[in-house]
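Just below is one structure, and these are the notes that go with it.
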Amino acid sequence: MEHVNQLGCDAPRTGALPRGTAAAVWSLDTTLNMVGGYPLDGASAMLDAAERDRAGRLLRGPDRHRYIASHVGLRVLLGAHLGLAPEKVTLVREDCPCCGGPHGRPAVAGGALHFSLSHSEDMAYFAFARVPVGVDVESIPSAASVADVLTSLHAAETAELTALPDPDRRTALARVWSRKEAYLKATGTGLALGVADPYVGSAPDPARLPGWTLTDLPAPTGYAAALALRG
């Protein structure tokens, strides 16, 4: 299982970006008031116009705080890898592989590295690699949420989950969803084509995906997380 570094209040020591099909993975408690050496009070100035607009449209204060914390964390870690101040990191969007529009995977201008960001409730996860990468963290869903999405999954996954008792089903769905989102983020398709494919399985070990490495990540109690890497 991939090691997960902890980003906290202090400036991170990132080291060199892993070579080949490996990733540097970090997690963050997004309720913190200081991230990577930067106080969040006034930190929106570090963000670009699109990030500030997104933060401004979040009506609930806690949601806005979590969003700003996760994006400051992303910029701190990207800046450390690129040798730039966090506010100097330029974020762009790749072309969508489904329609060709400019809303594909988030990327850094120049493509010096690949990254992925995910946040759920009070946790954010970040992944950085030399190849396309996707990371996802999910809080354990409610029984109602399980019922809402159960039939949208691969038929085999729906059958596996339906056979489990309720508490186990909720935990297993978080595993399935984090694996799917990690893979779909890495490919750049996101949820545009639905979540039935690929089959990732609900067992403790994910199913194999040709051309990709899919692994579960350590996560705090109440969460599941996964990482997808091309190769």
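Throughout, residue positions are numbered sequentially from 1 according to the sequence presented.
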Notebook entry, point to check: What residues form a side-chain hydrogen bond (donor to acceptor under 3.5 Å, both in side chains) with Arg57, not counting sequence neighbours?
Noted result: Asp53

Check: Yes or no on side chain to side chain contact (heavy atoms under 4.5 Å, CB included) for Val89 and Asp48, after CA distance, side-chain angles and deciding distance?
Finding: CA-CA 9 Å; Val89 174; Asp48 64 23; over 6 Å; no

Note to self: Under the rule for side-chain hydrogen bond (donor to acceptor under 3.5 Å, both in side chains), what residues qualify as partners of Arg60, not counting sequence neighbours?
What the structure shows: Asp63

Next item on the list: State the OG-CZ distance between Ser70 and Arg75, to the nearest 0.5 angstrom.
Entry: 11.5 Å

Notebook entry, point to check: By side chain to side chain contact (heavy atoms under 4.5 Å, CB included), which residues pair with Asn33, not counting sequence neighbours?
Noted result: His65

Checklist line | Worked check of side chain to side chain contact (heavy atoms under 4.5 Å, CB included) between His81 and Phe115 | finding: CA-CA 11 Å; His81 281 299; Phe115 73 88; over 6 Å; no

Notebook entry, point to check: With sequence neighbours excluded, what pairs up with Ser27 under the side-chain hydrogen bond (donor to acceptor under 3.5 Å, both in side chains) test?
Noted result: Gln6

Item checked: Exercise: identify the closest heavy-atom pair between Val76 and Val35 -> CG2-O, 4.2 Å

Check: Going by an N to O cut-off under 4.0 Å, is there a salt bridge joining Arg179 and Asp216?
Finding: yes

Check: Could you state the interatomic distance from CD (Glu121) to OG1 (Thr30), rounded to the nearest 0.5 Å?
Finding: 9.0 Å

Checklist line | 4.5 Å side-chain heavy-atom contact, Asp122 and Tyr223 | finding: yes

Check: Mind checking whether His114 and Arg105 have side chains closer than 4.5 Å, heavy atoms only?
Finding: yes

Notebook entry, point to check: Quick one: ring-ring contact (aromatic ring centres under 6.0 Å, His included) pairs with a partner in residues 4-61, sequence neighbours left out?
Noted result: none

Next item on the list: With sequence neighbours excluded, tell me which residues meet side chain to side chain contact (heavy atoms under 4.5 Å, CB included) with Pro39.
Entry: Met34

Next item on the list: Check the pair Leu82, Leu113 against side chain to side chain contact (heavy atoms under 4.5 Å, CB included), reporting the backbone distance first and the verdict last.
Entry: CA-CA 9 Å; Leu82 297 171; Leu113 58 79; 4.0 Å; yes

Output side-chain donor-acceptor pairs under 3.5 Å for residues 125-142, partner residues at least two apart or in another chain, one line each.
| unit_1 | atom_1 | unit_2 | atom_2 | d |
| --- | --- | --- | --- | --- |
| Tyr125 | OH | Pro218 | O | 2.6 |
| Arg130 | NE | Pro18 | O | 3.1 |
| Arg130 | NH2 | Leu17 | O | 3.2 |
| Asp136 | OD1 | Ser118 | OG | 3.1 |
| Asp136 | OD1 | Lys185 | NZ | 3.2 |
| Ser139 | OG | Ser120 | OG | 3.4 |
| Ser142 | OG | Ser145 | N | 3.1 |
| Ser142 | OG | Ser145 | OG | 3.1 |

Margin query: Just verifying a value: how many Å separate Leu161 CG and Asp166 CG, rounded to the nearest 0.5 Å?
Written below: 11.5 Å

Item checked: Beyond-backbone contact of Leu173 with Leu153, side-chain heavy atoms, under 4.5 angstrom -> yes

Margin query: Give me each pair satisfying salt bridge (Lys or Arg N to Asp or Glu O under 4.0 Å) with a member in residues 5-18, each pair once, sequence neighbours excluded.
Written below: none

Check: At their closest point, which heavy atom of Leu77 faces which heavy atom of Leu7, and how far apart are they?
Finding: CD1-CD2, 4.0 Å

Check: Say you draw a straight line from CG of Asp168 to CZ of Arg175; how long is it, rounded to the nearest 0.5 Å?
Finding: 8.5 Å

Check: Is Leu117 linked to Val25 within one hydrophobic cluster, defined over Ile, Leu, Val, Met, Phe, Trp and Tyr using a side-chain heavy-atom separation of less than 4.5 Å?
Finding: no

Notebook entry, point to check: How far apart are the closest heavy atoms of Ala43 and Val72, and which atoms are they?
Noted result: CB-CG2, 3.9 Å

Item checked: Residues in side chain to side chain contact (heavy atoms under 4.5 Å, CB included) contact with Ala109, at least two apart in sequence or another chain -> Thr90, Val92

Under 3.5 Å, sequence neighbours excluded: what are the donor-acceptor pairs made by side chains of residues 192-214?
| unit_1 | atom_1 | unit_2 | atom_2 | d |
| --- | --- | --- | --- | --- |
| Tyr199 | OH | Glu160 | OE2 | 2.5 |
| Ser202 | OG | Glu160 | OE1 | 2.7 |
| Thr213 | OG1 | Gly231 | O | 2.8 |

Check: Distance from Leu227 atom CG to Leu217 atom CG, nearest 0.5 Å?
Finding: 5.0 Å

Check: Are any side-chain N or O atoms of Glu181 and backbone N or O atoms of Ser178, one a donor and one an acceptor, separated by less than 3.5 Å?
Finding: no

Note to self: Tell me whether Val4 shares a hydrophobic cluster with Leu78, the cluster being built from Ile, Leu, Val, Met, Phe, Trp, Tyr side chains joined at under 4.5 Å.
What the structure shows: no

Next item on the list: Identify, with sequence neighbours excluded, every residue that meets side-chain hydrogen bond (donor to acceptor under 3.5 Å, both in side chains) alongside Thr31.
Entry: Asp29

Next item on the list: Measure the spacing between CD of Glu157 and OG1 of Thr151 and express it to the nearest 0.5 Å.
Entry: 12.5 Å

Notebook entry, point to check: Considering residues at least two apart in sequence or located in another chain, which fulfil the ring-ring contact (aromatic ring centres under 6.0 Å, His included) criterion with Tyr67?
Noted result: His71

